[in-house]
Trainee: 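A single structure is presented below for examination.
It should be emphasised that the depicted structure is a prediction, and the values quoted were computed from it without experimental measurement. Hydrogens, waters and symmetry mates play no part in the numbers below; they use all other heavy atoms, side chains included. The sequence lines fix the lettering, A, B, ..., with proteins before strands; numbering per chain opens at 1.
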Amino acid sequence: MTTMAPSVASFATAVRIAMADLDEPDRVALLDGLEDHLAEIVEENEQPLDVVLGSPEQYAAELRRSAGITARRRTLPPPTIAPPPAPVLSPVRAAVDALATGWWLLRGIGVAFGVGVWTSRDADALSAFPIVPVLDQLWLGPIVLGASVVVSWWIRRLAFAWRAIATLVAVAGLIALSVEVGRTPALVENPTGITMTTVATTIATFSPPPRIEVPNVTGLDIDDAIAVLRSLGFAIEITGGTALDAGIVLTQEPAGGTSLDAGSSIKLGVTTELSATTSTPPPSSPPFTVLVPPLGTTTTGP
Amino acid sequence: MAAPPSTLETTQLLKGVMDLVVLAALSRADGYGYDVVRRLRVAGLGEIGDASVYGTLRRLFSQGLVTSYLIPSDEGPARKYYGLTKLGHKALDAHTTQWNEFAATIGEIVSGDALSSDEALR
């Protein structure tokens with residue numbers, strides 16, 4: 001019983017295959033312990049299993065019938081049969097399908113533009129682009145455009161040949177339009193419709209800050225120097241000394257008379273009352289750097 | 001079944017009484033599947049199908065007529081023993097009554113007693 005005869009294993013496997021369509025609970029209930037049972041039969045009869053029991057298929061059919069399971073419970077094929085592979089779209093086909101959603105719109109616009117270019121002799125009328133006039137009539141443009149898009153949508157279920165013709169018309173129209181646009185001076189000069197006003201505004205917005213002459217503040221009390229420089233729009237960077245208050249500006253960089261962009265930083269070297277009298281800063285004090293932003297920024301000032 | 005064609009009828013006959021004989025085989029003592037097969041063969045049903053008994057046991061179990069439990073075996077894995085439930089005993093009684101009536105009728109028919117009158121022949 002511990003070792004299973006090959007015939008038992010193969011017989012049991014064949015029975016299980018024949019019962020593979022049953023639902024899990026039925027299958028387990030009917031086939032649980034099958035191998036042990038078959039081994040017992042072999043031991044007792046000392047004859048091949050198919051002689052004692054008939055074929056595995058017959059055995060399975062009998063098991064099924066006596067258990068009251070007459071029909072196949074599941075419509076699924078046996079697990080050995082692989083399900084048919086799902087259709088796989090090629091990448092190209094998938095891309096075309098994805099484009100198809102908006103293709104009718106593009107086609108409609110192209111046809112309308114083509115009609116407009118071919119029927120309009122007044123090149124200046126094209127300066128109204130993206131409104132393309134039809135028969136030199138500006139108001140006809142949008143009407144034809146709308147009608148063209150509707151028709152393009154309408155024919156999207158027609159035979160491929162019809163859609164191909166419409167597509168060719170659209171492509172030709174777009175090519176003609178691009179050629180015409182290239183020949184129209186107004187469109188060449190200002191193809192985007194951006195006016196000079198907007199350009200000026202844009203330039204003004206991004207124009208560099210004005211340059212301001214830096215006054216000479218050396219010798220001034222640090223508070224006065226800060227006030228003067230900030231009022232002009234400079235940032236101030238103070239170095240040296242041990243205390244900010246009561247210092248005197250010894251050095252400035254850049255020097256007075258230089259022109260700098262507003263918001264630029266001016267470095268001021270200051271001394272303290274101590275160093276002003278003794279000319280020697282206390283050796284234990286590390287030098288400091290203080291940044292003071294220009295007026296008009298978000299800080300509150302010194 | 002690896003049975004000669006002549007025993008096919010026995011197999012057919014057995015189909016109608018599988019429930020009865022399996023319930024009867026378990027009425028005195030519980031037993032595992034192959035026990036039932038052996039008991040029935042020893043009792044004279046040499047042709048009884050192994051798979052028929054197992055399938056029947058499964059169906060009786062799902063109908064609540066027999067119960068099952070596992071008993072550890074000296075030689076191998078635990079065996080599934082079957083025994084009658086109360087419902088199973090009731091069913092056995094009903095089946096037995098029904099069978100006795102049926103067997104009596106068949107007996108009368110076969111002996112010719114039931115076919116003696118012209119009325120029955122018509």
Side-chain angles (χ1 to χ4, degrees), chain A residues 1-5 7-9 11-19 21-73, chain B residues 1-5 7-8 10-12 14-23 31-42 45-82:
Chain A
M1 285 278 282
T2 46
T3 56
M4 192 185 294
S7 61
V8 167
F11 192 96
T13 303
V15 171
R16 288 182 191 280
I17 288 172
M19 309 285 271
D21 62 300
L22 295 186
D23 293 331
E24 178 78 11
D26 281 343
R27 209 169 54 244
V28 169
L30 280 172
L31 301 176
D32 187 33
L34 176 66
E35 282 83 357
D36 294 328
H37 170 61
L38 295 176
E40 199 168 1
I41 291 174
V42 167
E43 214 169 67
E44 192 153 300
N45 291 273
E46 292 178 350
Q47 273 184 305
L49 272 177
D50 54 349
V51 172
V52 181
L53 298 175
S55 76
E57 290 73 24
Q58 283 174 315
Y59 186 91
E62 183 62 21
L63 204 54
R64 195 188 278 262
R65 190 197 57 74
S66 56
I69 303 164
T70 50
R72 290 171 85 85
R73 287 278 181 83
Chain B
M1 299 294 118
T7 62
L8 232 174
T10 311
T11 314
Q12 292 297 325
L14 275 172
K15 278 180 182 174
V17 292
M18 277 305 293
D19 289 15
L20 173 61
V21 297
V22 168
L23 287 171
Y32 62 99
Y34 202 45
D35 270 344
V36 177
V37 176
R38 270 192 295 228
R39 285 175 195 176
L40 292 174
R41 283 188 180 152
V42 167
L45 291 177
E47 321 298 336
I48 198 157
D50 186 277
S52 304
V53 171
Y54 271 83
T56 302
L57 280 171
R58 170 45 43 189
R59 187 163 39 76
L60 295 175
F61 179 83
S62 65
Q63 289 169 351
L65 301 183
V66 301
T67 183
S68 75
Y69 51 93
L70 290 173
I71 295 274
S73 165
D74 296 339
E75 37 175 49
R79 279 178 172 150
K80 189 183 271 184
Y81 273 68
Y82 292 92

Trainee: Suppose we screen for salt bridge (Lys or Arg N to Asp or Glu O under 4.0 Å). Which residues come up paired with B:R41, at least two apart in sequence or across chains?
Mentor: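 Testing B:R41 for salt bridge (Lys or Arg N to Asp or Glu O under 4.0 Å), a comparison that skips the adjacent residues, returns none.
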Trainee: Backbone N or O of B:A51 within a donor-acceptor pair of the A:S66 side chain at under 3.5 Å?
Mentor: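 Yes, the answer is positive, given that a donor and an acceptor are paired below the 3.5 Å cut-off.
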Trainee: So what's closer than 4.5 Å to chain B heavy atoms on A:I41: side chain, backbone, both or neither?
Mentor: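 When you check distances to chain B, atoms from both the backbone and side chain of A:I41 fall under 4.5 Å.
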Trainee: Go through the structure and list residues passing salt bridge (Lys or Arg N to Asp or Glu O under 4.0 Å) with B:R59, not counting sequence neighbours.
Mentor: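 Expected list: B:D19.
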Trainee: Can you measure from NZ (B:K80) to CG (A:D36) and round to the nearest 0.5 angstrom?
Mentor: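 Answer for the NZ-CG pair, B:K80 versus A:D36, is 12.0 Å.
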Trainee: To the nearest 0.5 Å, what is the distance between CG on A:L38 and CG on B:D50?
Mentor: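 Atom-to-atom, A:L38:CG and B:D50:CG are 7.5 Å apart.
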Trainee: Starting at CE of B:M18, measure out to CZ of A:R65 and round the result to the nearest 0.5 Å.
Mentor: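 One gets 7.5 Å once the value is rounded to the nearest 0.5 Å.
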Trainee: Is it the side chain or the backbone of B:F61 that comes within 4.5 Å of chain A heavy atoms, both, or neither?
Mentor: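 Answer is neither: B:F61 stays 4.5 Å or more from chain A.
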Trainee: To the nearest 0.5 angstrom, please state how far the OH atom of B:Y34 sits from the CD atom of A:E43.
Mentor: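 So the OH of B:Y34 and the CD of A:E43 are separated by 10.0 Å.
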Trainee: Kindly compute the distance separating OH (B:Y54) from CG (A:D32), expressed to the nearest 0.5 Å.
Mentor: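 Going from the OH atom of B:Y54 to the CG atom of A:D32 covers 10.5 Å.
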